[in-house]
Amino acid sequence: MDDKKTTFLKQNSMKKTDKTSLLSYQDYPKEPVIIDNLSMKFMRQSKFIPLKVKDDILHIAMADPKDSPVFDALNIAYGYEINVYKGREEDILEAIERLYGAGSQSMEMIIEEAGKDIYDISPGKENDVDHLRDLASEAPIIRLVNKIILNATELKASDIHLEPFENEFKVRYRIDGVLHNAESPPWSLQAAVISRVKIMAKLDIAERRLPQDGRIKLKIADKAIDFRVSTIPTLLGESLVMRILDRDTLVLDLQKLGFPDDILPRYINLISQPYGMILVTGPTGSGKTSTLYTTLAKINSPENKIITLEDPVEYQLRGINQIQVNPKIGMTFSGGLRSIVRQDPDIILIGEIRDRETAEIAIQSALTGHLLFSTLHTNDAAGAITRLLDMGVEHFLLSSTLLGVLAQRLVRIICPACKERIEPDEKLLKSMKLSPKEISKIKFYIGKKCEECRHTGFKGRTAIFEYLSVDGNIRNEINSRSSTERIKEMAIERGMTTLRQDGWRKVIQGVTTISEVLRVTLEI
């Protein structure tokens, strides 16, 4: 380009507008802005990224909006007027990698590429281990599996499900507790994809008749993320689930978990006791592990020795001795607990009480001066008491050691970007069991579904709680071997807020919806 043309471009096209307000990560484009011969290396070195091109104006985000040599170079090369916005360096670099790096190729392109290079596995070859290993090591299959994992982490999914059906191989992501269909590879690639994940998890790809468990540790966008892998044989092939364990999603703050103001101080007082047993109950995926980890972080101090026995250890906590259960070599909850009490701990966490033996050792540990935490899979707080009694635990021992039970569920939070006031259905209003006068004072909201929440109307989750304090009256009910209903009735009389009632509080506060509370709780 001659000097006259360069001068003309500088004088007539290079009008930059320096926006001082900082861009958020949501302001970056979802798809790459294609500009001929604009190299990824140049963008990385100069710490800028194109946002859009409109009316011959190139809008860019830069870490340093005063870097004029970059404007000169872009202006000379393309002749656009430059409009500059300030962005965080880490956001810009991550967006460059996402939009222009190895992860930028669309799933459709990767599947198409894999379909060209990988062929159907005939009945005679699907048990050929060497053939499967070769297929799983092909570049298109590696890229396909990497893309499935990358998409899941970007969507903040908690699990990836790879499921074989008749003439269909389905990929689904669990996001905010609900499964969503994702773009799936053709059925013919299922054996290669499953084998690739099994190789990554160091599992036996030749074994397709028995369940297997493994782990994968990957670095994604400069973050170390663990994946817990589980396979199980089905009628139509192996089903595989990957649990995504991202430490950045672990919130070690009781208030941020969703504890209401009336329960939080009582729970903090409970976990400050020197000895006794505290239980957290709920189904799989109800946030029990997060609550217990946050609890341990709250009471962890140099004066306390804390030992946990878990299956599996999901997150590593600083200053806490964590033990992985391994039944294959005899390291069970009951066997491990016997050894733990000889390690002079102050606080013990048992991942789950599954049988009478573990329950009895746990209670003995609580009786001998240890503060013990554990979980049970029950529908409510009162159900934990009758579950332990049904296991064969002596009622007088249980009443002497149990300090309190916390039941919980997770509800989805209404997306703040598309939150809108509505008038809910009359049937839903009746479920709240409030008077018309009380309902008239409440403002109800719903998410209208937008790109921010992936058109679900929800973004993120919070917990609802039911806290049962074991006082003298509840101890009498335990000693009388009362039913779950009687214990719950007594607790409610003494001021216990049920799961559904705490859910209604979240609805009234505009945090979640009536239907969401009904989805995760039982009738009072």
Side-chain angles (χ1 to χ4, degrees), residues 210-211 213 228 230 270-271 273-286 288-289 291-293 295-296 305-314 320-408 468 470 474-475 477-484 487:
L210 295 173
D213 295 293
R228 197 172 78 211
S230 172
L270 178 74
I271 64 179
Q273 300 304 309
Y275 55 86
M277 183 165 68
I278 299 168
L279 298 175
V280 179
T281 76
T284 300
S286 60
K288 301 188 300 296
T289 300
T291 297
L292 286 173
Y293 278 178
T295 299
L296 292 184
K305 177 161 184 173
I306 303 176
I307 302 180
T308 74
L309 189 62
E310 306 170 60
D311 183 22
V313 175
E314 293 196 4
I320 294 175
N321 298 277
Q322 296 173 269
I323 302 168
Q324 172 77 49
V325 169
N326 189 347
K328 292 179 182 177
I329 59 172
M331 175 59 85
T332 60
F333 279 120
S334 56
L337 186 50
R338 285 195 184 91
S339 301
I340 283 176
V341 295
R342 294 194 287 269
Q343 287 286 308
D344 188 31
D346 298 290
I347 300 166
I348 301 171
L349 167 64
I350 305 300
E352 184 185 347
I353 295 177
R354 295 176 178 172
D355 51 45
R356 177 178 178 175
E357 186 180 10
T358 305
E360 288 179 342
I361 300 169
I363 286 175
Q364 290 298 328
S365 301
L367 280 171
T368 53
H370 303 95
L371 183 61
L372 185 136
F373 295 90
S374 192
T375 71
L376 279 173
H377 289 161
T378 61
N379 291 327
D380 53 20
I385 294 171
T386 50
R387 174 68 58 83
L388 289 172
L389 292 174
D390 289 344
M391 283 183 185
V393 174
E394 295 290 350
H395 57 87
F396 59 88
L397 292 177
L398 183 59
S399 65
S400 301
T401 56
L402 188 60
L403 299 177
V405 185
L406 187 74
Q408 69 177 81
L468 171 62
V470 180
I474 299 298
R475 287 193 178 92
E477 297 298 332
I478 295 173
N479 286 325
S480 301
R481 296 177 178 272
S482 298
S483 66
T484 299
I487 294 171

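- Residues satisfying the side chain to side chain donor-acceptor pair (under 3.5 Å) test with S399, not counting sequence neighbours, are N479.
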Margin query: Let's go through S334 and T332 carefully: what are the C-alpha distance in whole Å and the side-chain angles of both, what is the deciding distance for side chain to side chain donor-acceptor pair (under 3.5 Å) to 0.1 Å, and is it a yes or a no?
Written below: CA-CA 5 Å; S334 56; T332 60; 3.3 Å; yes
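- Applying the side chain to side chain donor-acceptor pair (under 3.5 Å) test to T358 and every residue at least two apart in sequence or in another chain returns D355.
- Closest non-hydrogen pair, L402 versus R475, comes out as O-NH2, 4.0 Å.
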Please table the atom pairs, donor to acceptor, closer than 3.5 Å between any side-chain atom in residues 323-330 and protein atoms at least two apart or in another chain.
residue, atom, partner, partner atom, Å
Q324, OE1, V313, N, 3.1
N326, OD1, K328, N, 3.3

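- Every side-chain contact (heavy atoms from CB on, under 4.5 Å) that L389 has, sequence neighbours left out, goes to I385, H395, L398.
- The salt bridge (charged side-chain N to carboxylate O under 4.0 Å, His left out) contacts involving residues 359-368 comprise R356-E360, where partners must be two or more places apart or lie in separate chains.
- Checking side-chain atoms of Q273 against main-chain N and O of L371 turns up no donor-acceptor pair under 3.5 Å.
- By the side chain to side chain donor-acceptor pair (under 3.5 Å) test, T401 pairs with no residue at all, sequence neighbours left out.
- R481 meets the salt bridge (charged side-chain N to carboxylate O under 4.0 Å, His left out) test with no other residue; sequence neighbours excluded.
- Within the 4.5 Å cutoff, side-chain heavy atoms of L388 are placed close to those of L376.
- Qualifying salt bridge (charged side-chain N to carboxylate O under 4.0 Å, His left out) partners for E310, counting only residues two or more places apart in sequence or in other chains: none.
- K288 contributes no side-chain N or O that, together with a main-chain N or O of S374, makes up a donor-acceptor pair within less than 3.5 Å.
- Applying the salt bridge (charged side-chain N to carboxylate O under 4.0 Å, His left out) test to every pair with at least one member in residues 368-388, sequence neighbours left out, gives these pairs: D380-K488.
- Residue pairs meeting the salt bridge (charged side-chain N to carboxylate O under 4.0 Å, His left out) criterion with at least one member in residues 365-375, sequence neighbours excluded, do not occur.
- Applying the salt bridge (charged side-chain N to carboxylate O under 4.0 Å, His left out) test to E394 and every residue at least two apart in sequence or in another chain returns nothing.
- Within the structure, the side chain to side chain donor-acceptor pair (under 3.5 Å) test picks out no pair touching residues 339-351 (sequence neighbours left out).
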Notebook entry, point to check: Which is it for L309 and I350 under the side chain to side chain contact (heavy atoms under 4.5 Å, CB included) test, yes or no, and what are the steps along the way?
Noted result: CA-CA 5 Å; L309 189 62; I350 305 300; 4.2 Å; yes
